[in-house]
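A quick write-up on the structure given underneath.
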Amino acid sequence: MNRLLRILKHRWFDEHDTRRALKPEVVQRLQQRVAASERLHSGEIRVCVEAGLPLSYLWRGLRARDRAVTMFGKLRVWDTAQNNGVLIYLLLAEHAIEIVADRGLNTHVGPAQWAAIVAAMRDAFRSGRHEEGLNAAIDAVDALLRQHFALAAGQANPNELPDEPDLR
C-alpha cells in the first residue's frame with residue numbers, strides 16, 4: 001500500500017506544479033544568476049526542478065538521490081573540462097533537495113558543507129520562498145567554485161552547459 005500511495009502522490013504532481021513553483025520571471029532571474037556566477041570561475045552550475053519521479057523509479061523504490069545522480073548524467077553536468085560541475089536538484093512531490101557535485105569539486109568540499117547548503121534551502125522552501133532558497137544555493141555553490149576554481153584576471157570561461165534551469 002505504501003508504494004501505491006507514493007506512486008499516486010508523484011502522479012498527482014506534474015509540470016504545471018513545477019511552473020507554479022518557479023514562474024517564468026523567476027526562471028529568467030535564476031538563469032541570469034547562474035550566468036553571472038559562471039563568469040567568475042571555471043565551474044558549471046545546473047538547476048533541475050522536477051515535479052515527480054518517473055513511474056519506473058517509483059516502481060523500483062528509488063529515491064530522489066538516485067534521480068539526481070541520473071539527471072547529473074543526463075544533463076551532462078559530469079562532462080565539464082575540470083570535473084567541477086554541480087547539479088542542484090529539487091523534487092517537488094517529496095520536497096526533496098539534492099546536490100550532486102563532480103569529483104573535481106568534491107575533493108575540496110565535504111558532506112557537511114553540502115548539508116549546510118541543503119538545510120538553508122529547505123528552510124526557505126518550507127515557507128514557500130523557492131526563489132530565495134535557490135538563490136542562496138547558487139550563491140553558496142558559487143562561493144565554493146570561486147574559492148577552488150577562480151578564473152585568473154582576463155581568463156575566459158567557455159559556457160559548457162546551459163544556464164537555464166531544467167524544469168520537468
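Residue Val100 is grouped with residue Met71 when hydrophobic side chains (ILVMFWY) are merged at heavy-atom distances under 4.5 angstrom, including chains of intermediate members. The hydrophobic clustering, which links ILVMFWY residues whose side-chain heavy atoms are closer than 4.5 Å, places Val47 and Leu105 together. Residues Leu161 and Leu90 fall into different hydrophobic clusters, defined by Ile, Leu, Val, Met, Phe, Trp and Tyr side chains chained together at heavy-atom separations under 4.5 Å. Taking hydrophobic clusters as Ile, Leu, Val, Met, Phe, Trp and Tyr residues chained together by side-chain heavy-atom distances below 4.5 Å, Val77 does not share a cluster with Ile99. In the hydrophobic clustering of this structure, Leu167 does not group with Leu53; members are Ile, Leu, Val, Met, Phe, Trp, Tyr whose side-chain heavy atoms approach within less than 4.5 Å, directly or through other members.
Proximity of Leu40 to Leu151: side-chain heavy atoms (C-beta onward) are nowhere separated by under 4.5 Å. Phe149 places none of its side-chain heavy atoms less than 4.5 Å from the side chain of Leu144. The shortest distance between side-chain heavy atoms of Leu58 and Arg11 falls below 4.5 Å.
Side-chain N or O atoms of Asp79 include none that pairs as donor or acceptor with a backbone N or O of Arg76 at under 3.5 Å. Between the side chain of Gln155 and the backbone N or O of Ala152 there is at least one donor-acceptor pair closer than 3.5 Å. Distance alone, capped at 3.5 Å, is enough to place a donor-acceptor pair between the Asn157 side chain and the Glu38 backbone. The main-chain N or O of Ala81 is found under 3.5 Å from a side-chain atom of Glu160 such that the two form a donor-acceptor pair. Using modelled atom types, one side-chain atom of Arg60 and one backbone atom of Ser56 make a donor-acceptor pair closer than 3.5 Å. Using a distance-only test at 3.5 Å, with no hydrogens or angles considered, a donor-acceptor pair links the side chain of Arg46 to the main chain of Glu164.
Taking all atoms of both residues into account, the shortest heavy-atom contact from Ala64 to Leu91 is CB-CD2, 3.8 Å. Residues Lys23 and Arg20 approach most closely at NZ-O, 3.5 Å, considering heavy atoms. When all heavy atoms of Cys48 and Leu75 are compared, the pair lying nearest together is CB-CD1, 4.0 Å. Of all heavy-atom pairs spanning Gln82 and Ser42, the tightest one is OE1-OG, 3.3 Å. Closest approach of Ile138 to Ile45, counting heavy atoms only: O-CD1, 4.2 Å. Of all heavy-atom pairs between Pro165 and Leu30, the closest is CG-CB, 3.9 Å.
With values rounded to the nearest 0.5 angstrom, Phe13 atom CZ is found 9.0 Å from Thr18 atom OG1. For the atom pair CD (Glu25) and CD (Glu131), the distance works out to 8.5 Å, reported to the nearest 0.5 Å. Here the straight-line distance linking atom CD of Glu50 with atom OH of Tyr57 works out to 8.5 Å at 0.5 Å rounding. Atom CD1 of Ile97 and atom CG of Leu92 lie 10.0 Å apart (nearest 0.5 Å).
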Derivation of the side chain to side chain contact (heavy atoms under 4.5 Å, CB included) call for Asp102 and Asn84: CA-CA 5 Å; Asp102 208 344; Asn84 57 358; 5.8 Å; no
Residue pair Glu15, Arg168: steps toward the salt bridge (Lys or Arg N to Asp or Glu O under 4.0 Å) verdict: CA-CA 6 Å; Glu15 289 181 24; Arg168 295 173 181 259; over 6 Å; no
Arg33/Asp139 under salt bridge (Lys or Arg N to Asp or Glu O under 4.0 Å): CA gap, chis, key distance, verdict: CA-CA 8 Å; Arg33 190 176 213 97; Asp139 291 348; 2.8 Å; yes
Chi angles and distances behind the side chain to side chain contact (heavy atoms under 4.5 Å, CB included) call for His130, Leu22: CA-CA 7 Å; His130 293 95; Leu22 296 176; 4.1 Å; yes
Step-by-step side chain to side chain contact (heavy atoms under 4.5 Å, CB included) determination, Arg3 to Trp59: CA-CA 7 Å; Arg3 182 186 299 183; Trp59 190 250; 3.7 Å; yes
Side chain to side chain contact (heavy atoms under 4.5 Å, CB included) evaluation trace for Asp166 with Val49: CA-CA 6 Å; Asp166 183 80; Val49 181; over 6 Å; no
List the atom pairs, with distances to 0.1 Å, where a side-chain N or O of residues 108-126 and a protein N or O form a donor-acceptor pair under 3.5 Å, not counting sequence neighbours.
| unit_1 | atom_1 | unit_2 | atom_2 | d |
| --- | --- | --- | --- | --- |
| Gln113 | OE1 | Gly110 | N | 3.2 |
| Trp114 | NE1 | Asn106 | OD1 | 2.9 |

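Side chains of Asp163 and Asn159: a donor-acceptor N/O pair is present below 3.5 angstrom, by distance only. A donor-acceptor contact closer than 3.5 angstrom links the side chains of His10 and Glu94.
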